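To keep things clear, I will list the structure first and then write my remarks on it.
On a predicted model such as this, the values are computed, not experimentally measured, just so you know. Below, all heavy atoms of this structure are taken into account, side chains as well, without hydrogens, waters or symmetry copies. Just so it is clear: chains get the letters A, B, ... in the order the sequence lines come, proteins before strands, and each one is counted from 1.
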Amino acid sequence: MLEKTYEPETVEDRIFADWIAANAFAAGAGAKPGAETFTIVIPPPNVTGSLHIGHALNNTIQDILIRYNRMLKKDVLWQPGMDHAGIATQMIVERQLAERQQPGRREMGREKFVERVWEWKDESGGAIINQLKRLGASADFSRERFTMGSRSEPDDQMVRAVTKVFVELKKRGLIYRAKRLVNWHPGLETAISDLEVENIEVKGHMWHLRYPLADGVTYEFPVAFDEDGKPTGYETRDYIVVATTRPETMLGDTGVAVHPDDERYKGLIGKFVTLPLVGRRIPIIADTYADPALGSGAVKITPAHDFNDFEVGVRNDLSQINIFTTTAAINDNAPEAYRGLDRFEARKKILADLEAGGILDHVEDKKIMVPHDEKSKLVVIEPFLADQWFADAETLAQPAIKAVREGRTRFVPQQYENLFFAWMENIKPWCVSRQLWWGHRIPAWYGPDGEAFVEESEAAALAAAEKHYGRTVELKRDEDVLDTWFSSALWPFSTLGWPEETPELKRYYQTDVLVTGFDIIFFWVARMMMMGLEFMGEEPFHTVYMHALVRDEKGQKMSKTKGNVIDPLKLIEEYGADATRFTLAAMAAQGRDIRLSINRVEGYRNFVTKLWNAARFLEMNECRRVAGYDPKANKLPLNRWIVGATARAVAAVTRGIEEYKFNEAANAAYDFVWGTFCDWYVEFSKPVLMGADEASKAETQATAAYVLDQILKILHPFMPFVTEELWGETGKAGPARESQLILAEWPELSGLEDPQADAELNWLMELISSVRSVKTELNVPGGAKLPLVVVGASEETTRRLVESAALITRLARLEAISPAASVPQGSAQFVVGEATWALPLEGVIDIGAEKARLTREMDKLDGEVAGIDRKLANEQFVAKAPEEVIEEQRTRREAAVERRAKIAEAIARLS
RNA sequence: GGGUGCGUAGCUCAGCGGGAGAGCACUGCCUUCACACGGCAGGGGUCACAGGUUCAAUCCCUGUCGCACCCA
C-alpha cells in the first residue's frame, strides 16, 4: 500500500542507486539492435563549481532529451565530465595555501604545486557531479572525463588530444606567437580571454591636460562663436589640450592624435609636443580615431596600454612603450620618480605633479566603462603588451559560420544565429596562452636564440632543433599553459577517444544536440564548432538548443552579492528533484528568461503528490495491469474515451519534446494527468469500480492501470524518480515488468480515437458541470441532493442517461433523474445539448436570483449572436474570408440561437 | 550610441491573424469512501500607448513610452 504522500527524500537515493545498479545510464543501455545513436556531451562544468540554478535547468533539459531518446530505444550516450578551470582552480589552491600558512606557489615550485592541485581536485573538486546525480541526471558516469586527463596518467588521451591539436594548428599556420596587447590580470599575472572581462560602468573623471607644444610652436584656438557656431574670436595657445580617463598612462604616450578634418588643429599636424613629466618629444598625428566632438578633440595615444591606441599606433608608426610591470606597477621605462608605484598610487602622484606644473586644465566627472575580471569583478584588467600564443580565430571561424549559414548546425531558437554571426564575423585573434601552472603546458621548446619548436614531445622538439641548428642544443620549454577553453573546445571528440580512432568516436560523433545558455554561446558553441570542423571535418552537433537564463521572480539576475540566489539543492531537499525539474521544464519557454518563483515549485510538488494519490487510488481499487490488454477492445465509452485522450496527450508531449518546447510538453502532461485523468476519469470510474457489473469493472480496472502506465512513461523524462517508484510499485501486481521505467519504451499510440465516446463523455462532463454550477449559483447547500428533471431529451440522450444515471447522480450529487413533459414549477433550469434540465426547488429557489442568472446567460448569448451577425452582414467578410471560417461562424451562431431560445423559454416559465 | 528581446488577470508566464488561457494568489461552498500538497464553483484582463495593413489584429507593420540583456 502506497503511503498517503510521496516523500522524495526517502525514495530518490534508492531509485538512483537502482538505476546505477542496472547500468541504465551506460551508453547504449536498452537500445534496440541497430538503433540510431543519440548523443549529448555535457557542456563541461567547472571542477571548482557547484550546482546553481542555471546548471539545474541546463541539465534538466539534457536529461529530458536523454531519457526521452533512451525510451525511444535509441543508442543513447550522455557524456559527462568537467573542465579544469585553470584560473579558478589555481586561485583556490593558492588561497588555501595562504590560509593554512603553508609555503606559496612560487616557494613550492611548479611540480609540487601542480601535485597539490591534483590533491585538491581529488579531495574537494568535482562536487558538481554528485549534485547532478541528485538532480537525477542520467549521464553515463562511467565515462566521466576531465579536460586535464588523470593524475596517474600524464600521457592521458585527453592530454594528448590537446597537445596534438596545438601542434597541428601550429603546423597549419593557425597558431602563432606574437607580441600583442592582451587583457592582463595584474593580480594573477596572466593574460585572460576578452570573454573573461566584464566592462563595468563606474564614476570616473575626464582629466584635461595641457601638453606643451615643442619647438616654440603656437596656434590660434577659437574661443568665441556666432549663432551658427562659426568662430569669431581666437586665443593664441602654445599647448594642446588632451583629455584622458587614465592619466597615469601618459608616461607611455608616444603621440597625440587629432582628426584630419578638425579645423582647430589642422596646422598642428606633423608638429610635436613635449610630454610633461617625461620630457619625451612626441608627434601630433592625424587619425580619424580622434573624435572632434569628444573632449577637446585631441587625444593622447598610448599604444602599449589601450586597444584603440594600439591600432592608431600601428597605423601611424608610433612606438610602443610599456610602463607597467606584470603586477601593474610602474616599470623602468618611466621616470625614476614613479618607478615601483602601483598604478593607482602612480595616478595620484602624477595628477598632483601635473597640477603643480600647471598642466591640468580642468577635470570633469564622467561615467566610464572599466574592464574588470568577470569572476571577482574586483580586479581592474590592464591592456598589456606581452608575448603570447594566438589562434587564428578568424580563419577557424569561417567553416563554422558556413555550417550555420548552410543549416548543418541549427540554433533553437533560431534568433540566436544572429548573435553567433555577430560575434564570429568580428572575431579577434584568440590568445590561448595563460601564465599559470595549472593547465596543459604549451608544447613549445625554445632554442638558445629563442626559436620555438612546437612538437608533441620534448624528444621531437630536440630532433627538430638539431635539424634546425645542425647540432644538439639545449631547449627550454615554454612556461605557459593553454586557456582552459582550448581543451573544452575539443570536448565533443576528445571525450570519445580522439586522437585514437575509437569505436565510440566513430559511433557517437557527430553528437546531436548541445544544450547551453546563450551567455555562453561563444565559449562552447563557437569554439567547439571551430575545432570540430578543423579536426573531425564535421560539425560537432547538428542542433544547438539555447535555453533561458534563470532569474529571480523580479527578473534580476541571481547573484551572491544580491542575495537573491535560489539554490537548486535546497529546492530538491524541500520539494524533491521531480518538482524542481518539472518547474524548470514547465517554465522553459523558448527565447524567454525564466523568472523562477517558489510558488511554482510548490505547485508542481503538489502535482507530484496528486499523481501519487491517483496511483494510490488505483491500487486500492485493484486496478492491475492485465497481460494482453488491448485498449482498442474496450467496450465502455468511458474507457474508449480515456484511451483516446491518452493518445492525444502522448502525442502532445512527444511533439513538445521533439520541438524543444519543453514547457508545452510539460503542460500537456500536467493538464492530462490532473485535468482529465484525475478530475474526470478517476471520478467516473468510481461507480463502475464499486458496481456489480464485473465485466465493466474488470475492463475499467485494466484500462486505468494501462493509462497510468502511459502517464508514468510520458512523465518520466520530467519526473524520473516518482514515476520510476510508481512503476516499481505497480509492477508488483499483474504481469512482471520487463525493465525499469527508465528503459521502458516510449508509447506510440494510434487508432484509439473514438469520436462517439468523446462526444458522450463531453456531454456527461458538461451536464455534471452545469448541475454543479447552477447549484452553487443558487446557493444550494453542497450536501443537498436534488432530483433532476429532463425535458425534451432525444433518444440518444435518454440512452446515455439510462447508461450513466448512477454516475451522474453521484458526481452531480443528485437524488434521481427522471424525464418529464414539462418543467416543474419553481425549478432552476439550464440547457445542455438539445434538452432542458430542471432542478425542482419549489420554495427554496429565489425566483428573482434565478431569473437574473438566466438573463445574464441570455445576454451573453445575445452578445455573441450580435457579434457574429455583424461579421456575417459584412459583405467583405463573406466575400473574402475562407469558407471554413464563415461556416464556423454560422455553426456557432446556430448553436447560440438555439440555446438562447431555450433559455428564453426557461425565463418565461419562471414568470 | 548600435543590436536583440520583452511589456497579456494581483504575481509568474503561455498563446501570436477569426470564440482571451494556465499555475500561484483571491472569494464562496465542501471533513463526498486517492489526495486539504485536496474537491467543486466563482471573481478578476480597453492583451503598454498611438497610428497603419486586413473582411478581421492581443497576434503583422510603423512610431512612442517603459523594462531587460548583449556589444561599443
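Out of B:U12, B:A34, B:C70, the shortest distance to the side chain of A:K610 is found at B:A34. The listed nucleotides are B:A72, B:C55, B:A34; the one nearest the side chain of A:Q876 is B:C55. Distance from the side chain of A:S773 is smallest for B:A41 among the nucleotides B:A41, B:G15, B:G18. The side chain of A:T776 has B:A41 as its nearest neighbour among B:A41, B:C33, B:G19. Side-chain atoms of A:R600 lie closest to B:U12 of the nucleotides B:A34, B:U12, B:C40. Candidate nucleotides B:C37, B:G39, B:G18 were compared by shortest atom distance to the side chain of A:A881, and B:G18 ranks first.
The same atom, P, is picked in B:A56 and in B:A25; the two are 43 Å apart, to the nearest Å. A distance of about 36 Å separates the P atoms of B:G17 and B:A72, rounded to the whole Å. Between the C1' atoms of B:U31 and B:G39, the separation comes to 12 Å (whole Å).
For the OP1/OP2 pair of B:C11 and a distance below 4.0 Å, the side-chain nitrogens and oxygens of A:N599 include no atom meeting the criterion. The phosphate of B:A34 (OP1 or OP2) has a side-chain N or O of A:K686 nearer than 4.0 angstrom. Within the structure, every side-chain polar atom (N or O) of A:W680 is placed at least 4.0 Å from both OP1 and OP2 of B:G39. The side chain of A:S769 contributes an N or O atom lying less than 4.0 Å from OP1 or OP2 of B:A41. Distances shown here put every side-chain N or O of A:N426 at or beyond 4.0 Å from the OP1 or OP2 atom of B:C71. Side-chain N/O atoms of A:R892 include one lying less than 4.0 angstrom from OP1 or OP2 on B:G19.
The aromatic rings of A:H547 and A:Y545 are tilted relative to each other, their planes meeting at an angle between 30° and 60°. Taking the six-membered ring where tryptophan is involved, the planes of A:Y604 and A:Y670 are perpendicular, since the angle between them exceeds 60° and thus also 30°.
Residue A:L814 holds its CG atom at 7.0 Å from CG of A:L839, rounded to the nearest 0.5 Å.
Pairing for B:C67 is with B:G5, a Watson-Crick or G-U wobble pair whose two hydrogen-bonding atom distances lie under 3.5 Å. Pair check for B:U53 finds none; no Watson-Crick or G-U wobble contact set falls under 3.5 Å. A 3.5 Å limit on both hydrogen-bonding distances identifies B:U12 as the Watson-Crick or G-U partner of B:A22. Of the nucleotides present, B:G28 is the one that pairs with B:C40 by Watson-Crick or G-U wobble criteria, both distances under 3.5 Å.
Put simply, the side chain of A:K4 and the base of B:C35 share no donor and acceptor less than 3.5 Å apart. In the interface, the side chain of A:Q889 is not paired with the base of B:A56 through any donor and acceptor atom under 3.5 Å apart. A:R772 contributes no side-chain N or O that forms a donor-acceptor pair with the base of B:C40 under 3.5 Å.
Heavy atoms of A:N199 sit under 4.0 angstrom from primed sugar atoms or phosphate atoms, though from no base atom. At a threshold of 4.0 angstrom between heavy atoms, the contacts of A:N418 with the nucleic acid are absent. Residue-level contact check: A:V682 touches the bases, meaning some heavy atom is under 4.0 Å from a base atom. Residue A:R605 is in base contact, counting any heavy-atom pair closer than 4.0 Å across all strands shown.
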Report the C-alpha separation of A:F677 and A:V707 in whole Å, then their side-chain angles, then the decisive distance to 0.1 Å, and conclude whether the side chain to side chain contact (heavy atoms under 4.5 Å, CB included) test is met. CA-CA 9 Å; A:F677 184 70; A:V707 172; 3.6 Å; yes
Take A:E382 and A:R246 through the test side chain to side chain contact (heavy atoms under 4.5 Å, CB included) and record every step on the way to the result.
CA-CA 11 Å; A:E382 280 299 329; A:R246 300 200 57 199; 2.8 Å; yes
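As rounded to whole Å, 17 Å separates atom C1' of B:A34 from atom CZ of A:F684. Across the protein-nucleic acid pair, A:F672 atom CZ and B:A22 atom C1' stand 18 Å apart, rounded to whole Å. Per the geometry, CH2 belonging to A:W674 stands 5 Å off P belonging to B:G39, to the nearest Å. Atom pair A:L872:CG and B:G19:C1' shows a separation of 14 Å (rounding to whole Å applied). For the pair A:R890 CZ and B:G19 P, the interatomic distance rounds to 16 Å; values are reported in whole Å. We find that CD of A:E7 is positioned 13 Å from P of B:C37, with the value rounded to whole Å. Between A:Y6 atom OH and B:G38 atom P the separation is 17 Å, expressed in whole Å. Taking atom CG of A:N667 as the reference point, atom P of B:A14 lies 11 Å away to the nearest angstrom.
Applying the salt bridge (charged side-chain N to carboxylate O under 4.0 Å, His left out) test to A:K732 and every residue at least two apart in sequence or in another chain returns A:E729.
Checked against A:T249 for a side chain to side chain contact (heavy atoms under 4.5 Å, CB included), the options A:T302, A:D309, A:D306 give a single hit: A:T302.
Figure legend: A:R405 and A:F421 shown as a cation-pi pair, the cationic atom lying under 6.0 angstrom from the six-membered ring centre and within 45 degrees of its axis.
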